[in-house]
Number of protein chains: 2
Amino acid sequence: MRVRQRDIAQAAGVSQASVSLVVSGRASEGGISPSTQDRIRTAMEELGYRPDPVARSLRGGRSGLVGVFTYEPVFPARPDEYFHEFLVGIEMAAADRGQDLVLFSSTQQADGRRSIYAGGSSRLQHADGSVILGMHRDDDELARLAKDEYPFVSVGRYDPVPEAAWVEVDYDGAVRAIIEDFHRAGHRAIAYVAGDNARLPSLARRHAFAASTRGDTTQILTETEFDENTLGTWRDSGITAVIAENPDIAEKVERAAARAGLRVPDDFSAACLDTPLRSGRSASWSHLLIPKREVGIRSVNLLAAILDGKLPRGHHDSVQCASHHLGTIAAERV
Amino acid sequence: MRVRQRDIAQAAGVSQASVSLVVSGRASEGGISPSTQDRIRTAMEELGYRPDPVARSLRGGRSGLVGVFTYEPVFPARPDEYFHEFLVGIEMAAADRGQDLVLFSSTQQADGRRSIYAGGSSRLQHADGSVILGMHRDDDELARLAKDEYPFVSVGRYDPVPEAAWVEVDYDGAVRAIIEDFHRAGHRAIAYVAGDNARLPSLARRHAFAASTRGDTTQILTETEFDENTLGTWRDSGITAVIAENPDIAEKVERAAARAGLRVPDDFSAACLDTPLRSGRSASWSHLLIPKREVGIRSVNLLAAILDGKLPRGHHDSVQCASHHLGTIAAERV
DNA sequence: ATACGTACCTGTTACGTATCAGGATGTGAC
DNA sequence: GTCACATCCTGATACGTAACAGGTACGTAT
């Protein structure tokens, strides 16, 4: 049925080993004469030979498949702009390297949650290594994955499993630049509205904020603590600038301001520590330009480097983050 | 390094074959006594055995991987709402069936175009079969794929390769319902604005339109033929209803109408033969509800059925299409 | 005539699994 | 005591490829 090297060998009157040499391009190196090479190639052409990638990976250990693992569906019910850009980068890099992507949908259990080790047969092994994506993670599972020495790279810093390789976003420089903008405009009292979660990108932003505001009066509120009256309170207490941890919060602040008759940047200067959604109302805020695509690309490249033994299993890569300064930071009114 | 069945066998004092029986769940069927089964299972537990999916698929012929092939990137530069829903369905069905998805990014060539047979080694073989997605297709390549007896299912009718299996959308009923709505409202002269392409979904819609309008006065224009003056001309010639082949065209008509001081549905009744984008201005038009998710699901299921030999390689499946009637169809003014 | 080198190729093994055909052992019937 | 039969297990083989170690044949040098 399927054409094998053995069939080619028979047709060309040589051994299977010789065919293998020609197929893998080491014919000359392996000492196959040009005329024999021609015979073999002709036979391949005539019989329509296609190497079997599965047999290849069983033997050689490499399948050319890069896994993408998430605890959520890769294709969410509605297009998810947040993760999309990472995936664009991942696909670009995979295409560049001639690798294919495996999405591990099989890991989904009856309850909808995903688990690497649930099925018993670790399907991740189909891929040479995997990129781990997403907010929700089972730290124990991933720690075990690391202990099993399965090669993987986390998209984003991943402190709970320090043995893991990852590509992180370096928020510090960009946040500092935004704070400096506030300073130049005369702001010395800055409020920060944080999300209600302890997810890693959020923590990194809070950390970067704290590190950039030495000497300023700062106030950190969580999303639930922020309400209709907060802006008034801030105003009374002399706070003149607001930072939202993510676009959702920025929208919330924007709405509260509108209802209170306050405006950005006339009454409050504002910035958002994330890239706002295209269609969002806070798209005009000064914000960070999180290099998602670049992070995706680097993740695949880092994984490749680890597989090639060029970098250690626990290597950490860091990508610079830029900021986009729009007109939402105005001079403090005296 | 890696734990194999052989290691388990040695630890439990049995043969590799017995281990295989336990792993695959045919232990009792194969006549392994409960006590031996326990010994084997204990050994597996202790040594941390994980079956190798690659070896499994080499032997058994099935990898549990479902390919997804597109001539465009699966993750386009901006989130593509059109294809997204198909992919949601595909991922859902794959998860249900315990299968993983392979995105063939490796088929991308230096010029950015993709090709199945370019690399020489047909990477599609990694998957048991594939779902083919997207507007742009290389008919010759896909015909060859069919001739090679590679199992695949086209998302959408695919006449250029009739040997291919596909899941098509049955537009006829839904389009007929919309035309009947026009009729009830007294419209007898209907214009249709078609896209400038000969892509298959477009052709199917045109065909469904033609089949539903017997006896009506109809006029079919392409997108480029439609301009600022068209609406006026139509009005003078008694045309009172417009059908747009897709949301882009609907937007265009909407804009032209706005500039001409005409309104939908007061001056023209209107409908769109596609599901408008969430954010689009034509979202209020009566339109078709293309069951994309369902098509995705069925494609994967059809592929599975073909792989199981339950359906022939060239089977065609058809999904009913619904229509969503909004207030853009009004009674003709006398 | 023997030794040596080179050009060209092949036999064999391994990757980890699933399956088939059959071997050993014990039990009961006649 | 022999045969039939079930129970429990195993050896061998195949899947398609890559790589290693080495073999044959021929020509040249001594």
Side-chain angles (χ1 to χ4, degrees), chain A residues 1-41 43-44 47-65 120-126 128, chain B residues 1-41 43-44 47-65 120-126 128:
Chain A
M1 189 84 217
R2 183 189 177 82
V3 182
R4 297 149 299 179
Q5 291 188 350
R6 195 192 305 168
D7 302 321
I8 309 298
Q10 198 164 2
V14 295
S15 72
Q16 173 265 327
S18 302
V19 178
S20 174
L21 285 170
V22 170
V23 168
S24 59
R26 298 156 201 262
S28 312
E29 183 189 333
I32 309 288
S33 73
S35 66
T36 306
Q37 288 188 36
D38 272 354
R39 279 211 325 284
I40 294 178
R41 268 188 255 275
M44 295 202 311
L47 299 185
Y49 171 74
R50 304 270 150 203
D52 179 344
V54 176
R56 239 179 209 189
S57 37
L58 177 59
R59 169 64 222 213
R62 281 287 190 93
S63 63
L65 298 179
S121 92
S122 71
R123 311 257 314 147
L124 291 221
Q125 297 288 351
H126 256 124
D128 298 331
Chain B
M1 189 82 217
R2 184 191 176 79
V3 182
R4 297 148 298 176
Q5 293 188 350
R6 196 192 305 167
D7 303 321
I8 310 298
Q10 200 164 0
V14 295
S15 73
Q16 174 263 327
S18 301
V19 178
S20 173
L21 284 171
V22 170
V23 168
S24 59
R26 297 158 202 263
S28 313
E29 183 189 335
I32 309 289
S33 71
S35 67
T36 308
Q37 288 188 36
D38 272 354
R39 281 214 321 285
I40 295 178
R41 268 187 255 275
M44 293 200 313
L47 300 185
Y49 171 74
R50 301 275 149 201
D52 179 344
V54 176
R56 243 182 202 186
S57 39
L58 176 59
R59 168 65 220 213
R62 283 287 190 91
S63 62
L65 298 179
S121 91
S122 72
R123 309 257 315 147
L124 292 220
Q125 296 288 351
H126 255 123
D128 298 331

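What's counted below: heavy atoms across the whole structure, side chains too, no hydrogens, waters or symmetry copies. Residue numbering restarts at 1 for every chain, and letters A, B, ... go by the order of the sequence lines. Treat the numbers as computed from the prediction; the structure is a model and nothing was measured.
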Does A/Q10, at its CD atom, have more than 12 non-hydrogen atoms belonging to other residues, nucleotides or ligands within less than 6.0 Å?
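No, CD of A/Q10 has 12 or fewer neighbouring heavy atoms, counting only those of other groups under 6.0 Å.
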Spell out, as yes or no, whether a donor-acceptor pair under 3.5 Å connects the side chain of [X] to the backbone of [Y].
X	Y	answer
A/Q37	A/I32	yes
B/S57	B/P53	yes
A/R39	A/V14	no

Quick one: do A/Q125 and B/R56 satisfy side-chain contact (heavy atoms from CB on, under 4.5 Å)? Show the steps, please.
CA-CA 11 Å; A/Q125 297 288 351; B/R56 243 182 202 186; over 6 Å; no
At under 4.0 Å between heavy atoms, which parts of nucleotides 21-26 of chain C does protein reach? Answer with one letter per nucleotide, 5' to 3': B base, S sugar-phosphate only, - none.
------
Mark up nucleotides 13-18 of chain C, 5' to 3', with B wherever a protein heavy atom is under 4.0 angstrom from a base atom, S wherever such an atom reaches only the sugar-phosphate, and - elsewhere.
-BBBBB
Is any side-chain nitrogen or oxygen of A/S18 closer than 4.0 Å to OP1 or OP2 of C/dT10?
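Checking A/S18 against C/dT10: at least one side-chain N or O falls below 4.0 Å of OP1 or OP2.
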Mind checking what makes side-chain hydrogen bond (donor to acceptor under 3.5 Å, both in side chains) contact with B/S63, not counting sequence neighbours?
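B/D128.
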Once you build an axis from the first five pairs and another from the last five of the helix from C/dA1-D/dT30 to C/dC30-D/dG1, how far apart in angle are they, to 10 degrees?
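That helix has its two terminal axes inclined by roughly 80°.
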For DNA chain C, which residues of residues 29-40 of chain A approach it to below 4.0 angstrom with any heavy atom?
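Heavy-atom cutoff 4.0 Å gives A/G30, A/G31, A/I32, A/S33, A/T36.
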In Å and rounded to the nearest 0.5 Å, what is the CG to CZ distance from A/L124 to B/R50?
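Going from CG on A/L124 over to CZ on B/R50, the span is 10.5 Å.
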Go through the steps to decide whether A/L65 and B/L65 satisfy the test side-chain contact (heavy atoms from CB on, under 4.5 Å), and finish with yes or no.
CA-CA 11 Å; A/L65 298 179; B/L65 298 179; 4.2 Å; yes
Output, in order, the C-alpha distance, side-chain angles, deciding distance and verdict of side-chain contact (heavy atoms from CB on, under 4.5 Å) for B/Y49 and B/V23.
CA-CA 10 Å; B/Y49 171 74; B/V23 168; 3.7 Å; yes
Mind listing the closest non-hydrogen atom pair of A/V54 and B/L58 along with its distance?
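Nearest pair, atom of A/V54 first, then B/L58: CG1-N, 3.7 Å.
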Give me the atom names and distance for the closest heavy-atom approach of A/A11 to A/A43.
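Taking every non-hydrogen atom into account, CB-CB, 4.2 Å.
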Nearest whole Å is fine: how far is D/dG16 P from A/M44 CE?
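Going from A/M44 (CE) to D/dG16 (P), I get 17 Å.
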Step by step, would you call B/S18 with B/I40 a side-chain contact (heavy atoms from CB on, under 4.5 Å)?
CA-CA 8 Å; B/S18 301; B/I40 295 178; 4.1 Å; yes
For A/V14, which contact category applies under a 4.0 Å heavy-atom criterion: base, sugar-phosphate, or nothing?
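Sugar-phosphate, backbone atoms only, no base.
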Can you pull the salt bridge (Lys or Arg N to Asp or Glu O under 4.0 Å) pairs that have at least one residue in residues 6-32 of chain B, sequence neighbours excluded?
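Of all non-adjacent pairs touching residues 6-32 of chain B, those that pass salt bridge (Lys or Arg N to Asp or Glu O under 4.0 Å) are B/R4-B/D7.
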